[in-house]
Amino acid sequence: MSVGTETGTEHAVRLDGVSKTYGKGRTALLALDDVSFDVRRGEFVSILGASGCGKSTLLSLIAGLDPLSAGTIDVSDHRVSLMFQEPALFPWLTVAGNIEIALRMRGVERAARRERSARLLDVVRLEGFGRKRPHELSGGMRQRVALARALAQDADVLLMDEPFGALDAMTRDILHDELERIWRERELTVLFVTHNVREAVRLGDRVVLLSSRPGRVLKEFPVEQRRPRRIDSPQVAELASAITDELRAEVSRHGR
Amino acid sequence: MAADTGVGAAERVAGLDRLELGPRKDGGPGVWARKLWKGTWPKVLAIVIVVGAWQLVVLAEWRPVFVLPPPSRVFDELVRVVPTASFWDSVLLTMGRAATGFGLAVAIGMIIGIAVARFQPLRAAIGSLITGMQTMPSIVWFPFAILLFKISEEAILFVVVLGAAPSIANGLISGIDYVPPTWKRVGQILGMRGFGLYRHLIIPAALPSFVSGLKQGWAFAWRSLMAGELLVIVPGALSIGVRLQTSRDLNDAPGLLAYVIIVLCVGIVVDIVFSAADKALRRRWGLTV
Ligand SMILES: Nc1ncnc2c1ncn2[C@@H]1O[C@H](COP(=O)(O)OP(=O)(O)O)[C@@H](O)[C@H]1O
Ligand SMILES: [Mg+2]
């Protein structure tokens, strides 16, 4: 696929011929088949596909949570963190505690944990909410805590699995701005999974479209519009509708 | 428009947060008093109904008064007995047994619970064994316990532990089983494994279920203990059970009923403690509204 040929291009993530089969024998399910693409350092890549096409599978493979069936994934010495659609915060901990646990697992000293969790709460604009319990926050705020927890791992590659899928449009819109800002400030590499075409275009430097059953890379769309973009701008809508057509064709292929 | 400064964005985020969180609901002292009253009046009414019905049955002279005394006689007996040292000796003896038995059951239940949750092969075998044990009235163990340990404290403890440990183990096992998979994935991503995984994720996540197990285990322990104190009378030990027996032997109905009321009160007080723990936990987790 699109391999950066210019010298000096650094890759944060390289996928080469990645396949994943669930189960064995007659019930085996080929979830991903020969997926190859590279993600440059500091790039924001949206991964788009119909429901069940293997997007979550792909991210858990990159995060190293599941073994591959074939191929290789190279994240070299990058730290990878993963965020889900649900914030999955621990209810027995405070908001700050949820961030500190990530630091603690990395062996950060207690005093430093305090200080760094406070700073991370500032980054996601939740200063002063550290002593609250997760259930006292709104959905969007919880998702920002989850983002702060992911940042606490000092990851430079952030994998996001439909992180704003459960939020209302207004909240999502604002979180897009926030995510874009944090991505810039911290020079992160982001792989952002979504089934929302406009969201993919709004955020990505590039949109990777996956096919369904098995998941393959169907097409890649570079997004050349200048940032910051608006999700309801005509340029975003235009590219989004081109991608939607492609996606529709792919889905109806399965209807036949 | 889109090219906002950071300040504008910050205000937007803060504004949305404030809107989503809604107004703060503050409870003044008035609200607190109303809550207390709301919790109290059903209990007061229950006592009134029971005492009233009791008094009616006595007035109807269904049984002679020396067998079924009126509430006032029993109340006088309570007032006489409760301040005495020998009464407190009995309560301490019985509660000491309860604490030892329950403590042992907690330790054993936890060991079994963690072992079963960790090792799959144990699961099928011991899992159903535990469920079977839970269905058994623990009183049927007493004859065997007396054979094993003679008439002794150990016989009583044995049955108390058998009664309580399965519930405690079960609470822990189901707590561990139902840790949401996404929490486990988060644990994996954060790099938790082995003992740390248990300490930071599995055990705290299983806590609510464990507390319900403790509560149920206590109920079984208390029942087994009362059965035990009536059946296994250890010479020289003046427990609450022995007091009940002696009152019956002496045809002392007021004394007997006074001790029945004490048993009821202990049960209620301990239940209140467990319920409070359970409620505090649920509030912290946001499981209540
Ligand atoms: N642990 C698993 N075991 C078996 N099949 C799975 C498992 N996880 C996912 N799948 C299957 O793999 C396919 C892709 O799933 P997933 O990666 O969750 O898709 P997406 O995130 O794009 O909706 C689906 O058909 C799903 O049923
Ligand atoms: Mg998914």
Side-chain angles (χ1 to χ4, degrees), chain A residues 60 63-66 80-94 98 101-107 124-127 129 132-141 144 146 149-150 152-153 155 159 161 168 170-171 173-175 177-178 180-181 185 226-231 233, chain B residues 1-25 175 179-211 277 280-289:
Chain A
S60 50
L65 297 182
D66 284 319
V80 177
S81 184
L82 175 55
M83 246 180 95
F84 306 101
Q85 178 166 346
E86 319 87 84
L89 302 175
F90 298 149
W92 57 91
L93 298 174
T94 60
N98 268 284
I101 190 76
L103 297 167
R104 180 165 184 176
M105 295 325 290
R106 294 188 41 235
V124 296
R125 302 201 205 269
L126 283 172
E127 47 278 316
F129 283 94
K132 296 258 181 212
R133 297 265 155 191
H135 70 91
E136 296 177 278
L137 307 185
S138 71
M141 295 164 88
R144 270 142 61 203
R149 177 177 62 189
Q153 292 182 270
L159 310 176
D161 194 353
D168 65 275
M170 174 64 94
T171 307
D173 213 28
I174 286 178
L175 290 193
D177 296 342
E178 291 300 298
E180 196 166 51
R181 169 180 63 84
E185 283 174 3
R226 285 191 40 210
R227 295 177 190 268
R229 307 168 189 145
R230 286 183 55 128
I231 198 160
S233 76
Chain B
M1 251 191 34
D4 263 319
T5 58
V7 181
E11 275 160 10
R12 236 181 2 247
V13 172
L16 193 70
D17 288 348
R18 210 150 303 139
L19 285 175
E20 282 189 322
L21 288 184
R24 284 178 67 91
K25 279 169 254 157
V179 174
T182 47
W183 290 357
K184 287 197 214 159
R185 301 219 104 188
V186 169
Q188 228 180 328
I189 290 164
L190 297 182
M192 294 177 180
R193 52 184 80 73
F195 177 71
L197 180 67
Y198 270 76
R199 169 153 176 230
H200 295 298
L201 178 62
I202 306 283
I203 297 294
L207 206 55
S209 172
F210 182 59
V211 170
L281 196 66
R282 291 178 156 273
R283 183 147 0 93
R284 263 158 65 107
W285 282 46
L287 297 173
T288 48
V289 248

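We use all heavy atoms of the structure for the numbers below, so side chains are in, but hydrogens, waters and symmetry mates are not.
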B:Pro208 side chain near A:Trp92 side chain, heavy-atom distance below 4.5 Å
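Counting from C-beta outward, B:Pro208 and A:Trp92 never come under 4.5 Å.
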Presence of salt bridge, B:Arg185 and A:Asp66, under 4.0 angstrom
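Looking at A:Asp66 and B:Arg185, the cut-off is met.
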Can A:Arg125 and B:Asp17 be counted as an ion pair, charged N to O under 4.0 angstrom?
no
So what's closer than 4.5 Å to chain B heavy atoms on A:Ala63: side chain, backbone, both or neither?
neither
Engaged part of A:Glu178 at the chain B interface, taking heavy atoms whose separation is under 4.5 Å
side chain
Any chance the side chains of B:Glu20 and A:Thr171 put a donor and an acceptor closer than 3.5 Å?
yes
Most contact-rich option vs chain B, by heavy-atom pairs under 4.5 angstrom, among A:Glu136, A:Met83, A:Arg149, A:Glu86, is A:Arg149
Approximate separation, where rounding is to 0.5 Å, of B:Leu16 CG and A:Ser138 OG:
7.0 Å
To the nearest 0.5 Å, how far apart are CG in B:Leu190 and CE in A:Met105?
7.5 Å
Residue pair [X] / [Y]: nearest heavy atoms and the distance that separates them:
| X | Y | answer |
| --- | --- | --- |
| B:Ile189 | A:Gln153 | O-NE2, 2.9 Å |
| B:Val186 | A:Ala88 | CG2-CB, 3.7 Å |
| A:His135 | B:Trp285 | CD2-C, 3.6 Å |

Just wondering, more than 12 heavy atoms not from A:Arg106 lying within 6.0 Å of its CZ?
yes
